[in-house]
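Following: one structure in structure tokens, then a few remarks.
Below, chain A is the first sequence line, B the second, and so on; all start at residue 1.
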Number of protein chains: 2
Amino acid sequence: MDYKIKEIANSICQISNHALEEIENLLRPKTIGKGTVFIREGQGIQLEYFLLEGICKSYLISPEGEEVTISFFTSKSILSPYTTRVNNQRSLLNFRALTDVHLASMDAAAFEQLMIENLEIRNFGNVVLRKELALKVDKEIGLAALTAKERLLAFRERYPSLENQIPHTDIASYLGITNVSLSRLRKDLSR
Amino acid sequence: MDYKIKEIANSICQISNHALEEIENLLRPKTIGKGTVFIREGQGIQLEYFLLEGICKSYLISPEGEEVTISFFTSKSILSPYTTRVNNQRSLLNFRALTDVHLASMDAAAFEQLMIENLEIRNFGNVVLRKELALKVDKEIGLAALTAKERLLAFRERYPSLENQIPHTDIASYLGITNVSLSRLRKDLSR
DNA sequence: CAATCGCATTAACAAATGATAAAAAGGAGC
DNA sequence: GCTCCTTTTTATCATTTGTTAATGCGATTG
């Protein structure tokens, strides 16, 4: 199937071709247009996703009704499955395509069964989960202990070039500031 | 064994006495004095913990060398195992007892094996994990979208009475503000 | 009881961030 | 190229939060 799947999987951890094939057998490609919300909070879902091409964000609606960006996903990554499928298969988050997006989806229950049967795939799933948690802890400490300027610099390190590809409003809410403040910081850092 | 284990487990999800016994067979009680750090970042660990009595926090050291509180744990809860054991059994976080603490620990590998063998226990483990993630998402949106005052109010809802039992410095770093700001907010809210 | 230690509170000032509105800059479609 | 529409930047002012340092206060201890 798609060579990109192998690339994504190996960016997570080493995995044999055999195990990879088992995963690939479950995958179905899917294309989604820019701006589309393809997972909704509270929605019953039973799919896991590989992001082959494009950019997405996960987000929640704040008490004030604004979209708060939780994470960004760039080409060749995995759309954090456990965060997505928490609570009896109901998603905790919304996902929106920020560009045209090419996905490969698979049935979550079938993948879970694979994890039980196959030690290698179980390990793979666990590593995905652990990396996701590590990112969350990083973001948490960033929001709690760094200034907005430092958070912007950290964002640029982690997502080089994203700043020029997506609306700044989305980045600002990821950083926990307003888009006006983001604009100020950008100006400040450019001198 | 300890009736508290049953109480903790059932606060997570319904679980049969049989499955509970399998878990209890793995448990070993342990007492820890106030102030002790009993899990260290980067430390190799292979234990999961039930918190029977007392209060703990998980934390990280910020770039400036300060302790940043990530989570609080109060009596009768589970010390988020996956966050703890991420990265090949190395802990991502430090844990400190904020009062004298009574724990029950179990071997993580043995528990993982139980999860594979027993559907009920697997489900239990997954629910623990999902609840933990849901909390992280909640905290994330709080830090990104709420004011410090709103975060303090949310903290009070979630941890009633904790404000009078532990140092305010720990609470302030959990909220992402300084202890001076916390004191100001407390005064402001008391009028 | 006095001295001391650890926190919490206050105060005063500086810096960062938010809110609102207006201006400028880009992009999409015609 | 022009128009319309959205996004970004700028400007102004209000508010919040940080920093530093002093003060208060309770618990512990000698």
Side-chain angles (χ1 to χ4, degrees), chain A residues 33-37 55 57 59 62-69 72 96-100 141-156 159 161-191, chain B residues 33-37 55 57 59 62-69 72 96-100 141-156 159 161-191:
Chain A
K34 174 174 172 173
T36 308
V37 178
I55 304 170
K57 70 167 181 178
Y59 68 98
S62 77
E64 288 78 28
E66 309 259 297
E67 291 189 5
V68 180
T69 303
F72 291 111
R96 182 192 294 278
L98 299 178
T99 64
D100 286 351
I141 197 176
L143 284 168
L146 304 181
T147 65
K149 190 183 293 185
E150 292 168 322
R151 296 202 295 277
L152 173 55
L153 290 171
F155 166 82
R156 286 176 171 178
Y159 301 105
S161 88
L162 206 51
E163 200 171 340
N164 305 312
Q165 296 181 275
I166 61 176
H168 286 181
T169 303
D170 293 331
I171 298 174
S173 88
Y174 177 82
L175 297 175
I177 57 180
T178 63
N179 53 348
V180 177
S181 289
L182 174 55
S183 180
R184 261 196 297 243
L185 293 175
R186 281 162 50 76
K187 182 179 181 184
D188 193 53
L189 287 171
S190 72
R191 278 181 292 149
Chain B
K34 174 174 172 173
T36 309
V37 178
I55 305 170
K57 70 167 182 178
Y59 67 98
S62 76
E64 289 78 27
E66 311 258 297
E67 292 189 4
V68 181
T69 304
F72 292 110
R96 182 192 293 278
L98 299 180
T99 65
D100 286 350
I141 197 176
L143 285 168
L146 303 181
T147 65
K149 190 182 294 185
E150 292 168 321
R151 297 201 295 276
L152 173 55
L153 289 171
F155 166 82
R156 286 175 171 180
Y159 299 107
S161 89
L162 207 50
E163 199 171 340
N164 306 312
Q165 297 181 275
I166 61 176
H168 286 181
T169 304
D170 292 331
I171 298 175
S173 88
Y174 177 82
L175 297 175
I177 57 180
T178 62
N179 52 349
V180 178
S181 289
L182 174 56
S183 180
R184 262 196 297 244
L185 292 175
R186 280 163 51 77
K187 182 179 181 184
D188 193 52
L189 288 171
S190 73
R191 279 181 292 147

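- Comparing dA8(C), dG18(C), dG18(D) by their closest approach to the side chain of Ile177(A) singles out dG18(C).
- Ser190(B) pairs by the side-chain hydrogen bond (donor to acceptor under 3.5 Å, both in side chains) definition with nothing, not counting sequence neighbours.
- Of the listed nucleotides (dG18(D), dT9(C), dT10(C)), dG18(D) has the atom at the smallest distance from the side chain of Ser181(B).
- A donor-acceptor pair under 3.5 Å links the side-chain atoms of Ser173(A) to the main chain of Thr69(A), judged by distance alone.
- Distances shorter than 4.0 Å separate none of the side-chain N or O atoms of Thr178(A) from OP1 or OP2 on dA19(C).
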Run the numbers on Leu152(B) and Leu175(B) for side chain to side chain contact (heavy atoms under 4.5 Å, CB included), then give the verdict.
CA-CA 7 Å; Leu152(B) 173 55; Leu175(B) 297 175; 4.0 Å; yes
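- Lys149(B) comes within 4.0 angstrom of nothing in the nucleic acid, heavy atoms only.
- Taking atom CZ of residue Arg184(B) and atom P of nucleotide dA8(C), one finds them 16 Å apart after rounding to whole Å.
- Residues Thr99(A) and Gln165(A) fail the side-chain proximity criterion, which asks for heavy atoms closer than 4.5 Å.
- Distance Glu64(A) CD to dT20(C) P: 12 Å, rounded to the nearest Å.
- Under 4.0 angstrom from either OP1 or OP2 of dT9(C) there lies at least one side-chain N or O belonging to Arg186(B).
- Listed nucleotides dT9(C), dT17(D), dT8(D) differ in distance to Thr169(A); the shortest reach to its side chain belongs to dT8(D).
- Between Leu152(A) atom CG and dT17(C) atom P there is a gap of 11 Å when expressed in whole angstrom units.
- For the pair Ser183(A) and dT9(D), the criterion of a side-chain N or O lying under 4.0 Å from OP1 or OP2 is met.
- Each of Val180(B) and Leu185(B) was assigned the nucleotide of DNA chain D with the nearest heavy atom; the assignment lying further toward the 5' end belongs to Leu185(B).
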Working for side chain to side chain contact (heavy atoms under 4.5 Å, CB included), residues Arg151(B) and Ile177(B)
CA-CA 10 Å; Arg151(B) 297 201 295 276; Ile177(B) 57 180; 3.8 Å; yes
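- Taking atom CZ of Arg151(B) as the reference point, atom P of dT16(D) lies 13 Å away to the nearest angstrom.
- Each end of the helix from dC1(C)-dG30(D) to dC30(C)-dG1(D) gets its own axis from five base pairs, and the two axes differ in direction by 40°, given to 10 degrees.
- Ring geometry for Phe72(B) versus Tyr174(B): interplanar angle of 30 to 60°, hence tilted.
- Remark: P of dC7(C) and CG of Asn164(B) are 16 Å apart, rounded to the nearest angstrom.
- Using a 4.5 Å cut-off on side-chain heavy atoms (C-beta onward), Arg156(A) and Leu189(A) make contact.
- The distance from atom CG of Asn179(A) to atom P of dA19(C) is 10 Å, rounded to the nearest whole Å.
- The separation between Leu146(A) atom CG and dA16(C) atom C1' is 15 Å, rounded to whole Å.
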